[in-house]
Novice: 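One structure is given below, represented as structure tokens, and several questions about it will come after.
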Amino acid sequence: MKAAVHNRYGPPDMVQIAEVDQPAIGDRDVLVRVHATTVNRTDCAYRAASPFFMRAFTGLARPRRTVLGTEYAGVVEAVGSGVTSFTVGERVFGYNEGAFGTHAEYLSVPQDGAIATMPTGVTFEEAAPGTEGAHYALAFIKKAGVRGGQDVLVHGATGAIGSAAVQLLKHCGATVTAVCGTAHLELVKGLGADRVVDYTAQDFTRDEQSYDAVFDTVGKSTFGRCRRLLKPGGLYLSSELGPGWQNLLLPLITALFHGRKVKFPFPRQDQDMVRYFRDLIESGEFRPVIDRRYPLEQIVDAYRYVETGQKIGNVVITVVPKN
């Protein structure tokens, strides 16, 4: 089968299209014919092994998993003898961080993994980006314990995490202020934001409004800069470790004192998570934002684009061309 392979850590050019063996399936595995996948920040981090400590999980000198990719949508091609949850021909989507392998024509996943039937009424390209950014956004919301009526600011509202966070927060009943650039004000309003701040026109950290939580979904600010935005007892969460990995240390330090705190979200990936997003997509309460689409053969260009930091929402890779 055709796959995007990387045998060494490094820049996008480390990835090449090659013919590799089709994955085998066990008794409780599902073989998926992948129609669409994505390139996202998670893929880029694993490909480059950045930060360096990631090599402890992926291989110290060389990557143990040579075919990357976390998100997918496709059709069940075959099932193991013990599979009862899925049948051949079903349209499925899901998330496969750790095992990876979605940047290929075929993918083997356990039937009890982070996989579910696809939302009705959407294409493979629309379903594929439904989990990666969204499951990080959901982790923010759960870690912060957001409730209806609370005020939340989302910094980086046009990224995969931020665009999902705006929609999921509205589903929770929160009042959302979203931060983005001038060109995307209308897009973010269309996602449901109650108020939009143009960071090119004003410093969002000088905002006069205060918030129950600030979500930095692009990791480009700090607790120190955003602290004044928080109500007493308010929470700051970031998608990145921060300077000196402070976002791992500050939750421990701020927990010792009353007042504003830092929390760091660790997302879960399981079948319930995928089903949750399937239901939201079907109901129209969540739609993954898609920026660009590339064929699998141009996946290196997709990596390069994602690493510019300019992508809006998600970058989709088409594995099976549409008829």
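The basis for the numbers below is simple: all heavy atoms, side chains too, and nothing from hydrogens, waters or symmetry mates.
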Novice: Test side chain to side chain contact (heavy atoms under 4.5 Å, CB included) on Gln22 and Leu31; report intermediate values, then the result.
Specialist: CA-CA 10 Å; Gln22 182 175 303; Leu31 182 68; 3.4 Å; yes
Novice: Decide side chain to side chain contact (heavy atoms under 4.5 Å, CB included) for Val30 and Val92; before the verdict, give the C-alpha distance in whole Å, the side-chain angles of both, and the deciding distance to 0.1 Å.
Specialist: CA-CA 10 Å; Val30 176; Val92 294; 5.7 Å; no
Novice: Val166, Leu229: one ILVMFWY side-chain cluster at the under-4.5 Å cut-off?
Specialist: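 Different hydrophobic clusters.
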Novice: Which value, rounded to the nearest 0.5 Å, describes the distance between Leu241 atom CG and Phe53 atom CZ?
Specialist: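 The distance works out to 5.5 Å.
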Novice: What's the shortest heavy-atom distance between Ala144 and Phe215, and which atoms?
Specialist: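 Residues Ala144 and Phe215, closest heavy atoms: CB-CE2, 3.9 Å.
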Novice: So which atom in Tyr72 and which in Ala114 form the shortest heavy-atom distance, rounded to 0.1 Å?
Specialist: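 Closest approach of Tyr72 to Ala114: OH-O, 3.9 Å.
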Novice: Is there a donor-acceptor pair closer than 3.5 Å between any side-chain N or O of Arg228 and the backbone N or O of Thr205?
Specialist: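 Present.
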Novice: Would you say Phe140 and Val154 make side-chain contact, with heavy atoms under 4.5 Å?
Specialist: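 Contact flag for Phe140/Val154 side chains = no.
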Novice: Apply the test ring-ring contact (aromatic ring centres under 6.0 Å, His included) to residues His135 and Tyr95: give CA-CA distance (whole Å), side-chain angles for both, the deciding distance (0.1 Å), then the verdict.
Specialist: CA-CA 9 Å; His135 94 298; Tyr95 191 72; 4.5 Å; yes
Novice: Give me the atom names and distance for the closest heavy-atom approach of Ile25 to Val79.
Specialist: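 Taking Ile25 first and Val79 second, the nearest heavy atoms are CD1-C, 3.7 Å.
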Novice: Shortest non-hydrogen contact from Ala137 to Ile161?
Specialist: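 Shortest heavy-atom separation between Ala137 and Ile161 comes out as CB-O, 3.6 Å.
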Novice: When you group the ILVMFWY residues by side-chain heavy-atom contacts below 4.5 Å and let the links chain together, are Tyr46 and Leu296 in the same group?
Specialist: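 Yes, same cluster.
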Novice: To the nearest 0.5 Å, what is the distance between CG (Leu107) and CE (Met1)?
Specialist: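 If we round to the nearest 0.5 Å, Leu107:CG and Met1:CE are 8.0 Å apart.
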Novice: Any side-chain to backbone donor/acceptor pair from Arg260 onto Leu230? Under 3.5 Å, distance only.
Specialist: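 Yes, because the side chain of Arg260 sits within donor-acceptor range (under 3.5 Å) of the backbone of Leu230.
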Novice: Counting only N and O atoms by type, is there a donor-acceptor contact under 3.5 Å from the side chain of Asn96 to the main-chain atoms of Gly69?
Specialist: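 Here the side-chain-to-backbone pair does not exist.
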Novice: Would the distance check show the side chain of Lys189 and the main-chain N or O of Ala193 forming a donor-acceptor pair, the cut-off being under 3.5 Å?
Specialist: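 Checking the backbone N and O of Ala193 against the side chain of Lys189, no donor-acceptor pair under 3.5 Å is found.
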Novice: Would a 4.5 Å heavy-atom cut-off, applied to side chains only, mark Val315 and Tyr303 as touching?
Specialist: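 When only atoms from C-beta onward are counted, Tyr303 and Val315 do not touch, as no gap falls below 4.5 Å.
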Novice: With the side chain counted from C-beta on, respond yes when Thr84 and Gln111 share a heavy-atom pair under 4.5 Å apart, and no when they do not.
Specialist: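 Heavy-atom side-chain distance check passes, below 4.5 Å.
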Novice: When clusters are formed by joining ILVMFWY residues with side-chain heavy atoms under 4.5 Å apart, either directly or through shared neighbours, do Tyr276 and Tyr136 land in the same one?
Specialist: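 Same cluster.
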Novice: Okay, side chain of Thr158, backbone of Cys180: is any donor-acceptor separation there less than 3.5 Å?
Specialist: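 Between the backbone of Cys180 and the side chain of Thr158 there is no qualifying donor-acceptor contact (under 3.5 Å).
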Novice: Any chance you could lay out the side chain to side chain contact (heavy atoms under 4.5 Å, CB included) test for Val75 and Phe124, step after step, and finish with the verdict?
Specialist: CA-CA 9 Å; Val75 176; Phe124 295 112; 3.6 Å; yes
Novice: I'd like to know if the side chain of His103 and the backbone of Thr70 have a donor-acceptor N/O pair within less than 3.5 Å.
Specialist: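 Not confirmed, His103 side chain does not pair with Thr70 backbone.
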Novice: What is the minimum heavy-atom distance between Arg278 and Ala116, and which atoms define it?
Specialist: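 Arg278 and Ala116 have their closest heavy atoms at NH1-CB, 4.1 Å.
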Novice: Could you tell me whether Arg225 and Asp203 have a side-chain N and a carboxylate O separated by less than 4.0 Å?
Specialist: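 Yes, Arg225 and Asp203 are salt-bridged.
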Novice: Does Arg287 offer a backbone N or O that forms a donor-acceptor pair with the side chain of Gln167 under 3.5 Å?
Specialist: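 Here the side-chain-to-backbone pair exists.
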Novice: Linking I/L/V/M/F/W/Y whenever any side-chain heavy atoms sit under 4.5 Å apart, do Ile17 and Val5 land together?
Specialist: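 No: no chain of side-chain contacts under 4.5 Å links Ile17 to Val5.
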Novice: Within a 6.0 Å radius of atom OH on Tyr199, are there more than 12 heavy atoms belonging to other residues, nucleotides or ligands?
Specialist: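 No, not enclosed.
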Novice: Can you tell if the side chain of Lys231 reaches within under 4.5 Å of the side chain of Asp151, non-hydrogen atoms only?
Specialist: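 Heavy-atom side-chain distance check passes, below 4.5 Å.
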Novice: Taking the side chain as everything from C-beta on, heavy atoms only, tell me whether Pro119 gets closer than 4.5 Å to Glu126.
Specialist: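 A side-chain contact is absent here, since even the closest heavy-atom pair is not under 4.5 Å.
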Novice: Evaluate side chain to side chain contact (heavy atoms under 4.5 Å, CB included) for Val109 paired with Phe86, printing each intermediate quantity in order.
Specialist: CA-CA 11 Å; Val109 294; Phe86 300 94; over 6 Å; no
Novice: Out of Asp212, Thr175, Val176, Leu169, which residue meets the side chain to side chain contact (heavy atoms under 4.5 Å, CB included) rule with Gln150?
Specialist: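 Result: among Asp212, Thr175, Val176, Leu169, Asp212 is the only option passing the side chain to side chain contact (heavy atoms under 4.5 Å, CB included) with Gln150.
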Novice: Can you tell me how far apart CZ (Arg55) and OG (Ser50) are? Round to the nearest 0.5 Å.
Specialist: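 The CZ atom of Arg55 sits 9.5 Å away from the OG atom of Ser50.
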Novice: Would you find more than 12 non-hydrogen atoms of other residues, nucleotides or ligands less than 6.0 Å from Asp21 atom CG?
Specialist: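 No, not enclosed.
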Novice: Does any N or O in the side chain of Lys220 come within less than 3.5 Å of the main-chain N or O of Asp216, such that one atom is a donor and the other an acceptor?
Specialist: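 Not a single qualifying donor-acceptor pair exists.
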Novice: Give, for atom OG of Ser163 and atom CD1 of Ile312, the distance between the pair rounded to the nearest 0.5 Å.
Specialist: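 These two atoms lie 9.0 Å from each other.
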Novice: Atom OG1 of Thr102 and atom CD of Glu97: how far apart are they, to the nearest 0.5 Å?
Specialist: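 CD of Glu97 is found 11.0 Å from OG1 of Thr102.
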Novice: Do Tyr294 and Val39 make a side-chain contact, defined as non-hydrogen atoms from C-beta onward lying under 4.5 Å apart?
Specialist: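 The answer is no, as the side chains (C-beta and beyond) never meet within the 4.5 Å cut-off.
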Novice: Taking atom types as modelled, find out whether Glu71 and Thr131 have a side-chain donor-acceptor pair closer than 3.5 angstrom.
Specialist: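 A pair is found: one side chain offers a donor N or O, the other an acceptor, under 3.5 Å apart.
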Novice: Are Val320 and Ile115 connected in the hydrophobic side-chain network, where two residues link if heavy atoms are under 4.5 Å apart?
Specialist: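 They do not share one cluster, since no chain of ILVMFWY contacts under 4.5 Å joins Val320 to Ile115.
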Novice: Assess, by modelled atom type and distance only, whether the side chains of Thr66 and Asn7 contain a donor and an acceptor separated by less than 3.5 Å.
Specialist: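 Absent: no donor and acceptor within the cut-off.
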Novice: Taking all non-hydrogen atoms of both residues, which atom of Glu19 and which atom of Lys2 are closest, and how far apart?
Specialist: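 Closest pair (atom of Glu19, atom of Lys2, distance): OE1-N, 3.9 Å.
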Novice: Check whether any side-chain heavy atom of Val218 sits under 4.5 Å from a side-chain heavy atom of His155, and report yes or no.
Specialist: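 With C-beta onward as the side chain, the pair touches.
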Novice: Counting C-beta onward and ignoring hydrogens, is there a side-chain heavy-atom pair between Pro12 and Arg47 closer than 4.5 Å?
Specialist: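 In short, these two side chains touch, coming nearer than 4.5 Å.
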Novice: With a 3.5 Å distance limit and no angle check, can you tell me whether Gln271 reaches the backbone of Gly113 through a side-chain donor-acceptor pair?
Specialist: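 The answer is yes, because a donor-acceptor pair under 3.5 Å joins these two groups.
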Novice: About how many Å separate CD of Glu132 and CG of Asn40, when rounded to the nearest 0.5 Å?
Specialist: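 That separation rounds to 3.5 Å.
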Novice: Is it true that Asp207 and Arg195 make a salt bridge, defined as a side-chain N closer than 4.0 Å to a carboxylate O?
Specialist: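 Counted as a salt bridge, because a side-chain N and a carboxylate O are separated by less than 4.0 Å.
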Novice: Is the gap between the ring centers of Phe286 and His171 under 6.0 Å?
Specialist: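 They do not qualify: ring centres at least 6.0 Å apart.
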